[in-house]
2 protein chains.
Amino acid sequence: MSGNEELAQSEERLRIRKNLIEAIAETMDLYGATHSSGQLYGIMFFENRPMTLDEMKRQMNMSKSNMSYAVRSLVESQMVKKLDEKLERKELYAAETDFFIVFQKFFSHKLQREIDVMMKAIDDAQPNLTELILQEHTADEERKLALQDLHKLRHAQKYYEWLQQFVDSLRNGEFFTNKAE
Amino acid sequence: MSGNEELAQSEERLRIRKNLIEAIAETMDLYGATHSSGQLYGIMFFENRPMTLDEMKRQMNMSKSNMSYAVRSLVESQMVKKLDEKLERKELYAAETDFFIVFQKFFSHKLQREIDVMMKAIDDAQPNLTELILQEHTADEERKLALQDLHKLRHAQKYYEWLQQFVDSLRNGEFFTNKAE
DNA sequence: CTATTCGTACAAAAAATATTGAACAAAGAA
DNA sequence: TTCTTTGTTCAATATTTTTTGTACGAATAG
């Protein structure tokens, strides 16, 4: 076979990959990731070995500092792991390729953050709202409005308690029980 | 009680609300919503009746066209409903205040979109990859690489089949069974 | 130890996104 | 019907986010 044909095949495989990488980036866009992070995850997903910043830079055709930022965000959302060993001084990063685990890590992380932010806000607000309602000199209309807000908070609190359980279940792998592995 | 005191109470309640609205906007930021959409949802969450674009504009202190865009994105992610009736020519919008329902609608919508995008990409890629592997004149090394990619796709496909079931369960309310309502 | 290379932080530049005001079609009051 | 008002779109502007180049501390090879 000619060198040209070999090249064509390799290009065909890379073309197929490129479409898939774009789809991955597009879905990650949905959850607030930058397009570049999404592409980078896609590249790392198909790469069959850990990558260095230099390789990312080369494949993404971007600056090393940007790769540093992008890979950090992937590590933070736990879709990529920084390995303990290095290769010729260079740090190594490997994508988690099991989407079940990605789902588990990504969503438990995001949802936990949401729970923490909202629970704190609710915990801060409730005593103040309660005091406003209880004060002798609070106008009736005002009390009524404050009470409505308080009830909304109590419902929200119930929800976040449930969501915490949901996240715990997710972390425990309870949703994956029927999965053939 | 003096008018000043009444004013102070109302301001206190609005201050408490403002913190909560900010927390809501912050958590919505996490999932790729714009900060303004998040704030708008927060405002609508506390408002005890449907709102018009003019009211949103007034409360958000922003242009009407921007409110039109913001509320549209909230309707699309199903956190806000456009009512059938109008008030004095103006369309009415109401926030879904039950976070359980918001969770259900928001995530089933996003995840379904992810499934559709990825399943399409996978379905498009698989036959091409398969053909590349099967072709007589494909170089061994190339075949090996294509095969690795194909296996990754098959795993991904398994995942998205599971995710589709997960979304179906979410839509059916299966995750809310233990919830006190 | 010294020299080299790596990864990150920072400020500047580039790109993408959000916001606005104006124009206009559609809805509906008069 | 005609006149008013609403909601949306579009192009422009403003703002935010992403990306880059550079500088520098930390790690490590020699």
Specify the separation, in whole Å, of atom [atom1] of [X] and atom [atom2] of [N].
{"X": "B:M60", "N": "C:dT19", "atom1": "CE", "atom2": "C1'", "answer": "11 Å"}
{"X": "A:H35", "N": "C:dA15", "atom1": "NE2", "atom2": "C1'", "answer": "13 Å"}
{"X": "A:N61", "N": "C:dA15", "atom1": "CG", "atom2": "P", "answer": "14 Å"}
{"X": "B:K57", "N": "C:dT20", "atom1": "NZ", "atom2": "C1'", "answer": "11 Å"}
{"X": "B:M56", "N": "C:dT19", "atom1": "CE", "atom2": "P", "answer": "15 Å"}
{"X": "A:Y69", "N": "C:dA13", "atom1": "OH", "atom2": "C1'", "answer": "14 Å"}
{"X": "A:K90", "N": "D:dA26", "atom1": "NZ", "atom2": "C1'", "answer": "17 Å"}
{"X": "A:D54", "N": "C:dT4", "atom1": "CG", "atom2": "C1'", "answer": "14 Å"}

Ignoring the backbone of [X], work out which of [options] is nearest its side chain.
{"X": "B:R72", "options": "D:dG7, D:dT20, D:dT9", "answer": "D:dT9"}
{"X": "B:S65", "options": "C:dA22, C:dG28, D:dG7", "answer": "C:dA22"}
{"X": "A:S63", "options": "C:dG28, D:dT20, C:dC6", "answer": "D:dT20"}
{"X": "A:L53", "options": "C:dT8, D:dG7, D:dT20", "answer": "C:dT8"}

By nearest nucleotide on DNA chain D, pick out whichever of A:R89 and A:M67 is the more 5' one.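 Closer to the 5' end of DNA chain D: A:M67.
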Whichever of A:E88 and A:M62 has its nearest DNA chain D nucleotide further upstream toward 5':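 Result of the comparison: A:M62.
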Reckon A:S36 touches a base, only the sugar-phosphate, or nothing at all at heavy-atom distances under 4.0 Å?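 Since only primed, P, OP1 and OP2 atoms lie under 4.0 Å of A:S36, the category is sugar-phosphate.
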Using a 4.0 Å heavy-atom cut-off across all strands, classify A:K64 as base, sugar-phosphate, or nothing. base
Are there more than 12 heavy atoms of other residues, nucleotides or ligands under 6.0 Å from atom CZ of B:R154?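 No, not enclosed.
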Whether A:N66 contacts D:dT18 is assessed here as follows: a side-chain N or O lying under 4.0 Å from the phosphate OP1 or OP2. Is that the case?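 No, A:N66 has no side-chain N/O under 4.0 Å of OP1/OP2 on D:dT18.
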Check: A:E96 side chain, A:V80 main-chain N or O, donor-acceptor pair, under 3.5 Å: no
Does the A:K64 side chain pair with the main chain of A:K57, one donor and one acceptor, at a distance under 3.5 Å?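 Not a single qualifying donor-acceptor pair exists.
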Sub-6.0 Å ring centroid separation between A:F175 and B:W162: no
Aromatic contact between A:F99 and A:F45, with the criterion being ring centroids under 6.0 Å apart: yes or no? yes
